[in-house]
Novice: 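Please read through the structure below; I'll follow up with questions.
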Amino acid sequence: MLQRLSPQVRQYLLITGNYWAFTLTDGALRMLVVLHFHQLGYSPLQVALLFLFYEIFGVITNLVGGWLGARIGLNRTMNIGLALQVIALAMLLVPAAWLTVVWVMAAQALSGIAKDLNKMSAKSSIKLLVPAGQQGALFRWVALLTGSKNALKGVGFFLGGLLLTLLGFANAVLCMAVVLALVWLLSLLLLKRDLGKAKAKPKFRDIFSKSRAINLLSAARLFLFGARDVWFVVALPVFLADVLGWDFWQVGGFLAAWVIGYGVVQSLAPYFTGKRGGHVPDGRSALFWALPLAGVPALMAGLLYQGQPAQTIVIAGLALFGVLFAVNSSLHSFLIVSYAAEDGVSLDVGFYYMANAMGRLLGTVLSGWIYQVAGLPACLAVSALLVALAAAVSVALPRHAGAA
């Protein structure tokens with residue numbers, strides 16, 4: 001059946017399949033680590049610190065990975081990412097007494113490298129599979145890849161909570177490692193060689209973007225993802241388990257439903273942002289969608305400070321935040337692929353996702369620290385501030401997509 005499709009579509013499906021499989025294990029592993037180590041008595045800040053190397057090495061990987069992809073090909077960087085994730089999962093299969101903070105942080109560091117190699121490779125590849133000049137098609141392909149990935153990450157959250165409940169930590173990790181190893185072997189056999197390899201070997205200094213548009217978009221992305229993770233990564237699951245008294249499978253299921261819905265909205269983002277009128281998004285679109293997003297966590301924080309029913313506010317607010325954030329994220333994902341140069345595309349995309357990883361790092365650390373010191377309302381207030389900064393940066397983005 002695959003042979004009947006065009007080579008571009010076959011490669012797109014293979015890349016998307018790799019990305020999906022990786023994302024399932026990534027989402028499940030994150031939920032497993034948060035809930036398992038919280039159950040063992042770790043404080044919110046200690047749980048956040050378990051992800052510190054994950055995010056730090058994500059920053060480094062995106063910066064260096066784009067250069068690496070341009071030199072050796074995106075197929076190789078994607079397969080390296082899959083292999084590293086299998087190793088990271090295997091590191092967590094040691095006896096429970098060995099699962100110290102340092103050991104788990106090291107495993108998470110490998111997982112962070114793996115995740116961002118995989119994501120950078122997938123996003124960069126799309127630029128090369130869509131004919132030049134077809135911005136509308138590019139937006140749809142990017143939105144579908146990004147949205148489907150996030151929907152499956154939500155399934156991974158639920159899977160992590162469910163597997164922890166049914167199988168325990170070690171057996172859950174073993175199942176994921178075996179499945180991902182099989183995906184890695186298939187990818188080695190089927191993925192096109194030299195995909196994304198630059199015609200001229202880029203020098204290491206080329207990892208830093210020289211494009212003003214990409215630098216501005218990267219700054220906006222940093223603030224945008226810091227705004228999400230400052231309350232979503234640690235503060236929210238701990239709040240649901242401790243304050244609202246939810247079981248682990250309920251926490252995992254709720255966050256899964258949110259991320260699945262978020263992914264569906266991302267996939268449909270082209271319909272919300274001008275496709276019906278024949279418009280392709282630009283910098284003005286990024287500003288327009290960032291402004292209402294900033295108001296949601298600000299309103300939630302205000303209501304919680306007033307003592308309004310926490311469960312209703314969190315569920316309703318998270319739903320609205322998810323819709324608006326999904327559109328913002330999808331717009332950014334399209335703009336970076338659109339702005340990026342075609343030859344050595346992974347250099348520009350890698351730099352941009354380095355900023356994305358820095359935002360996640362900032363949000364993760366703040367999530368544990370602020371929640372431990374001041375609670376969920378404070379996390380939401382900081383989230384509103386970070387989105388406002390993303391909107392301020394977006395004012396200077398080019399008004400026509402592709403004007404890098």
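FYI, side chains are in, hydrogens and waters are out, and symmetry mates aren't considered; it's all heavy atoms of this structure. In this text the structure is predicted, and so the values were computed from the model without any measurement.
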Novice: Filter on salt bridge (Lys or Arg N to Asp or Glu O under 4.0 Å), then keep only pairs touching residues 374-391, sequence neighbours left out; what's left?
Specialist: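 Output for this query is empty, none listed.
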Novice: Measure the shortest side-chain to side-chain distance between M31 and L159 over non-hydrogen atoms and say whether it is less than 4.5 angstrom.
Specialist: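 Not touching, per the 4.5 Å side-chain cut-off.
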Novice: Minimum heavy-atom separation for L117 and L84, please, with both atom names.
Specialist: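 Heavy atoms of L117 and L84 come nearest at CD1-CD1, 4.3 Å.
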Novice: I'd like to check L318 versus L236 (side-chain heavy atoms, cut-off strictly below 4.5 Å). Are they in contact?
Specialist: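 They are in contact (side-chain heavy atoms under 4.5 Å apart), so the answer is yes.
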Novice: Mind checking side chain to side chain donor-acceptor pair (under 3.5 Å) for D26 and listing every partner two or more places apart, or none if nothing turns up?
Specialist: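 Y54.
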Novice: Please report the interatomic distance CG(L92) to CG(L174), rounded to the nearest 0.5 Å.
Specialist: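 L92 CG to L174 CG: 11.5 Å, rounded to 0.5 Å.
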Novice: Which residues pass the ring pair (Phe, Tyr, Trp, His ring centres under 6.0 Å) test with F225, sequence neighbours left out?
Specialist: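 Once residues adjacent in sequence are excluded, the partners of F225 under the ring pair (Phe, Tyr, Trp, His ring centres under 6.0 Å) criterion are F325.
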Novice: Just verifying a value: how many Å separate R228 CZ and T364 OG1, rounded to the nearest 0.5 Å?
Specialist: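 Answer rounded to 0.5 Å: 8.5 Å.
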Novice: Are there over 12 heavy-atom neighbours, none belonging to F169, within less than 6.0 Å of that residue's CZ?
Specialist: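 Result for CZ/F169: enclosed.
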Novice: Rounded at 0.5 Å granularity, tell me how far CZ in F57 sits from CE in M105.
Specialist: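 Nearest 0.5 Å value for the CZ-CE distance: 9.5 Å.
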Novice: I'd like a table of donor-acceptor pairs (distance under 3.5 Å, sequence neighbours excluded) in which one partner is a side-chain atom from residues 290-306, with atom names and distances.
Specialist:
none

Novice: Just how far is it from atom OG1 of T61 to atom CE of M354, taken to the nearest 0.5 Å?
Specialist: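 CE of M354 is found 12.0 Å from OG1 of T61.
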Novice: Any idea which heavy atoms bring A220 and V393 closest together, and the distance?
Specialist: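 Minimum heavy-atom separation between A220 and V393: N-CG1, 3.9 Å.
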Novice: Taking only distance into account, with no hydrogens and no angle test, what donor-acceptor pairs under 3.5 Å do side-chain atoms of residues 366-392 form with protein atoms, sequence neighbours excluded?
Specialist:
residue	atom	partner	partner atom	Å
S367	OG	V230	O	3.2
S367	OG	V234	N	3.2
S367	OG	A235	N	3.0
Q372	OE1	S43	OG	3.4
Q372	OE1	L45	N	3.1
S383	OG	A227	O	2.7

Novice: Supply the atom-to-atom distance Q85 CD to T25 OG1, rounded to the nearest 0.5 angstrom.
Specialist: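 Output value for this atom pair is 4.0 Å.
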Novice: Which residue pairs pass the side-chain hydrogen bond (donor to acceptor under 3.5 Å, both in side chains) test when at least one of the two sits in residues 232-241, sequence neighbours left out?
Specialist: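 Sorted result for residues 232-241: empty, none.
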Novice: Drop me the distance from R360's CZ to L224's CG, to the nearest 0.5 angstrom.
Specialist: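 R360 CZ to L224 CG: 12.5 Å, rounded to 0.5 Å.
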Novice: Give every residue pair that meets the salt bridge (Lys or Arg N to Asp or Glu O under 4.0 Å) criterion with at least one member in residues 33-47, sequence neighbours excluded.
Specialist: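 Those involving residues 33-47 do not exist here.
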Novice: Applying side-chain contact (heavy atoms from CB on, under 4.5 Å) to V183 and F22, what does each step give before you reach the verdict?
Specialist: CA-CA 9 Å; V183 172; F22 188 98; over 6 Å; no
Novice: For W103, enumerate each residue passing the side chain to side chain contact (heavy atoms under 4.5 Å, CB included) test, keeping only those at least two apart in sequence or located in another chain.
Specialist: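 Checked W103 against side chain to side chain contact (heavy atoms under 4.5 Å, CB included); matches are M91, V94, L99, T100.
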Novice: For F254, which residues count as a ring pair (Phe, Tyr, Trp, His ring centres under 6.0 Å) partner, sequence neighbours excluded?
Specialist: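 For F254 the ring pair (Phe, Tyr, Trp, His ring centres under 6.0 Å) partners, ignoring immediate neighbours, are W246.
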Novice: Minimum heavy-atom separation for L397 to L217, with atom names?
Specialist: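 Heavy atoms only, the tightest pair is CD2-N, 3.6 Å.
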Novice: Taking C-beta and beyond as the side chain, do N18 and L82 meet within less than 4.5 Å on heavy atoms?
Specialist: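 SC-SC contact between N18 and L82 confirmed.
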Novice: Looking at R221 and S329, would you say the former's side chain and the latter's main chain have a donor-acceptor pair under 3.5 Å?
Specialist: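 Checking the backbone N and O of S329 against the side chain of R221, a donor-acceptor pair under 3.5 Å is found.
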Novice: Could you give all pairs that pass the side-chain hydrogen bond (donor to acceptor under 3.5 Å, both in side chains) test and reach residues 162-185, with sequence neighbours left out?
Specialist: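 For residues 162-185, and leaving out neighbouring residues, there are no side-chain hydrogen bond (donor to acceptor under 3.5 Å, both in side chains) pairs at all.
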Novice: So does W289 get a backbone contact from the side chain of N328, meaning a donor-acceptor N/O pair under 3.5 Å?
Specialist: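 Yes; judged by distance alone, with no hydrogens or angles, the pair exists.
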Novice: Does any non-hydrogen side-chain atom of L180 lie less than 4.5 Å from one of M176?
Specialist: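 SC-SC contact between M176 and L180 ruled out.
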Novice: Do you know the tightest heavy-atom contact between L32 and G160?
Specialist: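 Closest approach of L32 to G160: CD2-O, 3.4 Å.
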Novice: Could I get the full list of ring pair (Phe, Tyr, Trp, His ring centres under 6.0 Å) partners for F37, not counting sequence neighbours?
Specialist: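 Result, ring pair (Phe, Tyr, Trp, His ring centres under 6.0 Å) vs F37: Y42.
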Novice: With no hydrogens and no angle check, is any side-chain donor or acceptor of N118 less than 3.5 Å from a backbone partner on A114?
Specialist: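 Not a single qualifying donor-acceptor pair exists.
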Novice: Among residues at least two apart in sequence or on other chains, which ones pass ring pair (Phe, Tyr, Trp, His ring centres under 6.0 Å) with F232?
Specialist: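 So F232 forms a ring pair (Phe, Tyr, Trp, His ring centres under 6.0 Å) with W258.
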Novice: Could you report the tightest heavy-atom contact between L163 and A172, atom names first, then the distance?
Specialist: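 Closest heavy-atom pair between L163 and A172: CB-CB, 3.5 Å.
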